[in-house]
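Quick notes on the structure that follows.
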Amino acid sequence: MSALHTTCPYCGVGCGLTVTEGVLKADNEHPANFGRLCSKGAALKDTLGEADRLLTPQIDGRATGWDEALDLVAARFAATIAEHGPDSVAFYVSGQFLTEDYYVANKLMKGFIGAANIDTNSRLCMASSVAGHVRAFGEDVVPGCYEDLEETDLAILIGSNMAWCHPVLYQRLMAAREKRDTKLVVIDPRRTATCEAADLHLPLAAGSDVLLFNGLLVHLAQSGALDQDYIARHVCGFDETLLAAQQAAPCLAAVAAGTGLSPQALLRFYELFAQTERVMTLYSQGVNQSLSGTDKVNAIINGHLATGRLGRAGMGPFSLTGQPNAMGGREVGGLANQLAAHMGFAENDVDRVRRFWKAPAIATRPGLKAVELFEAVAAGKIKAIWIAATNPADSMPRAAAVRAALEACPFVVVSDAWPTDTTRLADVVLPAAAWSEKDGTVTNSERRISRQRAFRTAPGEARPDWWMFAEVAKRLGWGEAFAYPNPAAIFREHAALSAFENDGARVFDIGALAAGDDGAYDATAPLQWPCAKRGVSAGPRLFARGGFSTADGRARMVPVGGEAQSLAAPNTLRLNTGRLRDQWHTMTRTGRVPQLMSHSEGPSVTLHPLDAAARGLTEGGLARLLSAAGSTILPVQISDQQRPGDVFVPMHWTDQFSSSGAIDSLVHDKTDPISGQPDLKGSTVTVEAVSPLWSGLLVTSAPATPHLGEAVYWSKAPLNTGFAFTLVGWTPLTSIIASEDALRRLLQISLEAELVSYSDPKRSVFRYAGLVEGRLTASLFLAPTGTNLPMRELAAGLLGQQLDPIQRLSLLAALTPAGGPQQEKTVCACFAVGADRITAAIQQNNLKTVAEIGATLRAGTNCGSCIPELKKLLRDAVRNGQALAV
Ligand code: SF4
């Protein structure tokens, strides 16, 4: 049976998958991954279940049919537009959209409703790269390709924990490094997993990136490393840019003072760059999510333009996109400040798209960017909003204010595949088809368009997003313009628009794909744009010989002198938010997979030991974080890999998974003035200790979160047999164990169920089990913080089992052996191997390499996502006295 080829729906690497008789595997032929997958991709099979899916349209929580729901959406949008004008409505969409979904939603809003109030969650991760590309190249174009990772001699990673966030590309880089000894420089305030392989780690002060790269430009000029010929032929703005750099970074000492790096480390970095022809600078959210993100991008690009190092093998600036189709969204114009197909709001662009779409009411000016858009909702200016495939109630800055705005908004539509904290706020919920049920295309970080092919039938009434937007467009009276029979027809129109009156002025031209039939679309193999004419490839790299999308064909170097930063008040710490290895966004999919939850079971705040000591914080204790926007309480992790003055909190947890809720509730809503991208890594917080009194473990087969009161931290993780809740309280246990009724509510058992208990009030140890018809449905263990609790797998292993009377009585005691084994941190999620087992194996067997660990425990032999952590454990063993280094 031949395999179906599709793509992973998580990150912008865009790995290929094959599906054969329902079995998912890495695609050996896909040019993004050549047979590799990371831990998230490898666990995709576990996200295909229908549990918790949204299956029918709902109006005010009432299940209904598509016609009633779509009629209502169209009627309310029409009435709002009629009364308040087109700018009173908005769409907020997603980098999870396929290009075809994006195209239809964008055409509806900008072409026919006549406002440009469609923005996307890609604003939160990519907008500064887009703005930087447009300023430098005249168009949002990534000049290089993934093969460059295998051809480069110096890879500079800045603001990117590539080992965790773009793992398959990191594996490609590491494999190439073995062959050609590629040097690796990592620039990041944190010492992340990516740094494990680095030749040089520069833990610069957060926000000092522009200064660092201005210093680089000055050094390149002083050391004769400039490519004067390339500058003369293909670049404008060199003199002004160098002058600005010299003023900002007059000497190494000034750069050292501003970045917090040693002059020696700086010089080593600058010399490596100057002396290496094949140099790539790869960057991600640490650059983009900043008040000066666009300037940072241009500071990076300046160095490459000045040395002519772009568009040739192994060199160039390279933006690592966050989401699977962030790039596709940019191609169709999914950002509010773009129109369509890499055209903006210049008069001739608007006229061209107007004629192509036959859309007389087309928007003529940019719309509201994400933060502005939700501010307009809060201000009552946006009165009807449709949110699709994204969860702004958790992911937007000042998330609590966004929730309040949506609660007050007269009409909120949310389309999604699973319930989220945003669907809870919707007047109308529309059930969306998930990635495995949808047909379309995505574009990855290297401009490669790949087909995503459906291999499952959507459950219930779920439908693709493009269909929903087209149906509403028809009900609004624009049926002819939205009469798409399938995604192939949408894609052909998108491709035709990219080529429409495109005489080469726009690099984004996929006109070759406009003419095929449905069969050709279905058979499309992964390919890179531009592809203006069938069979004619522009090659994987651009701009080696100029040809930029500016009026004179030259690139622009951009003077970037200053660096905007939020000022930290005394005693505050800078809040850095970001991704973890095995989670994706707000965990709507990955949070349901036990294997992926085992690497990090709950949220946390990580601080440097000095910052922790100054606040009386201890490892595993609790800390209250307070900002101008909100507060939360989180478990503490202490690590010298964190820069003093900074704290790190993962971005993933929501109200559905933890009492800590969304960390973005604490994040301020300041944005880069050019790109509008929020400064998600630059808020300031105060941090203080909260003294826990007791800890607990609740293991239950019930998925609902029990009510635990205000003075209890909890986090929820799925198990193969149920759910585990980690509990920590800071007021006496009395309220939890006050009455049998309260306990039954906590255990989620009825009055008919048996409640078995064990109490030792002197030691404040309490244990309970709930049984229904003799089967264990929940168990609860409470003890003073610092006392051993049972391993959750032991408790989970008994869930659903029939227990005889003696087992019931001995159950709770037997599960808590004095000094017994404690939960260990999972390192290899694929084979469930924890850090303690790996360390023990290293010591007992004198293991020296990752391969030897793999041969002994299998850890690291599947997806490879844990290899940086295995290397760290090997190094730790050496530091702790093991004889042989690795
Ligand atoms: Fe998916 Fe992992 Fe590949 Fe990203 S690196 S596309 S998450 S398999």
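Remember, it's 1-based here, ligands and their atoms both numbered in the order they're listed. In this text, all values refer to a predicted model and were calculated from it rather than measured experimentally.
- Centroid-to-centroid, the aromatic rings of F455 and W435 come within less than 6.0 Å.
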Problem set entry | Pair N391-T422, side-chain hydrogen bond (donor to acceptor under 3.5 Å, both in side chains): steps then yes or no | CA-CA 5 Å; N391 185 12; T422 304; 2.6 Å; yes
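- Within ligand 1, counting atoms from 1 as listed, the ones closer than 4.0 Å to a heavy atom of L37 are 8 (S).
- Defined by atom type and a distance below 3.5 Å, a donor-acceptor pair is missing between the side-chain atoms of T99 and E331.
- When only modelled atom types and interatomic distance are considered, Q96 and R589 share a side-chain donor-acceptor pair under 3.5 Å.
- There is no side-chain donor-acceptor pair under 3.5 Å between S128 and N288.
- With hydrogens and angles left out, the side-chain atoms of S290 and D679 include no donor and acceptor closer than 3.5 Å.
- Sorted by chain and number, the protein atoms of type N, O or S within less than 2.8 Å of atom 4 (Fe) of ligand 1 are C11 SG.
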